[in-house]
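Throughout, numbering of the chain's residues begins at 1 and tracks the sequence. Computed from heavy atoms alone, side chains included, the values below leave out hydrogens, waters and symmetry copies. Only a predicted model underlies this, so the values are computations on that prediction, with no experimental measurement involved.
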Amino acid sequence: MEIINEEDARAMIARWKQLPVGAQKREIGLAVQKLELGAMYYEQKGNDKGVRRSERCILILRKQLDALER
C-alpha cells in the first residue's frame with residue numbers, strides 16, 4: 001500500500017506493528033525514503049500541498065521510528 005496521506009501512514013504503522021522490531025524499522029525507513037523522494041518531486045512541480053502532505057507523513061513515521069529505537 002502506498003502512503004498518500006496521514007491516515008495511510010497511521011494505517012501502515014498499525015500493520016507493521018505485527019512485524020518484528022527490525023523489520024518495522026526497515027519498512028518505516030523505506031517508506032520515509034519514498035516519501036522524501038515524493039516531496040522533492042512535488043517541490044520541483046511547485047505543488048506545495050503535496051510537499052506539506054509528504055512532510056506530515058514523514059513526521060508521523062519518524063516519530064514511530066524514534067519510539068522503536070528507545
If you count heavy atoms of other groups shown closer than 6.0 angstrom to [atom1] of [X], is the number above 12?
{"X": "Glu36", "atom1": "CD", "value": "yes"}
{"X": "Glu43", "atom1": "CD", "value": "no"}
{"X": "Lys34", "atom1": "NZ", "value": "no"}

Within this structure, what is the [atom1]-[atom2] distance for the pair [X] and [Y], rounded to the nearest 0.5 Å?
{"X": "Arg10", "Y": "Cys57", "atom1": "CZ", "atom2": "SG", "result": "8.5 Å"}
{"X": "Glu7", "Y": "Ile60", "atom1": "CD", "atom2": "CD1", "result": "10.5 Å"}
{"X": "Leu35", "Y": "Arg62", "atom1": "CG", "atom2": "CZ", "result": "9.5 Å"}
{"X": "Lys25", "Y": "Leu30", "atom1": "NZ", "atom2": "CG", "result": "14.0 Å"}
{"X": "Gln64", "Y": "Ile13", "atom1": "CD", "atom2": "CD1", "result": "5.0 Å"}
{"X": "Asp48", "Y": "Arg52", "atom1": "CG", "atom2": "CZ", "result": "5.5 Å"}

When you measure from the side chain of Arg56 to the backbone N and O of Glu6, does any donor-acceptor pair fall under 3.5 Å?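 Pair absent, no side-chain N/O of Arg56 close to backbone of Glu6.
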
Look at the side chain of Gln24 and the backbone N and O of Leu19, then say whether any donor-acceptor pair between them is shorter than 3.5 Å.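 Yes, the answer is positive, given that a donor and an acceptor are paired below the 3.5 Å cut-off.
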
Heavy-atom closest pair, residues Leu61 and Ile28: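 Closest pair (atom of Leu61, atom of Ile28, distance): O-CG2, 3.5 Å.
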
Where do Gly38 and Ser54 come nearest, in terms of heavy atoms and distance?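 Here Gly38 and Ser54 meet closest at C-OG, 4.3 Å.
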
Min side-chain heavy-atom separation Val51-Tyr41 under 4.5 Å: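 Result no, sub-4.5 Å side-chain heavy-atom pair not found.
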
Are Asn5 and Arg53 packed together at the side-chain level, in the sense that at least one heavy-atom pair is separated by less than 4.5 angstrom?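 Yes, close enough: below the 4.5 Å cut-off.
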
Walk me through whether Asp8 and Glu2 qualify under side chain to side chain contact (heavy atoms under 4.5 Å, CB included). CA-CA 8 Å; Asp8 291 346; Glu2 187 174 351; over 6 Å; no

If hydrophobic clusters are built from ILVMFWY residues whose side chains come within less than 4.5 Å, do Ile4 and Tyr42 share one?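 In one cluster: no.
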
Same apolar cluster: Met12 and Leu37, side chain cutoff 4.5 Å: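 Per the 4.5 Å side-chain linkage, Met12 and Leu37 are not co-clustered.
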
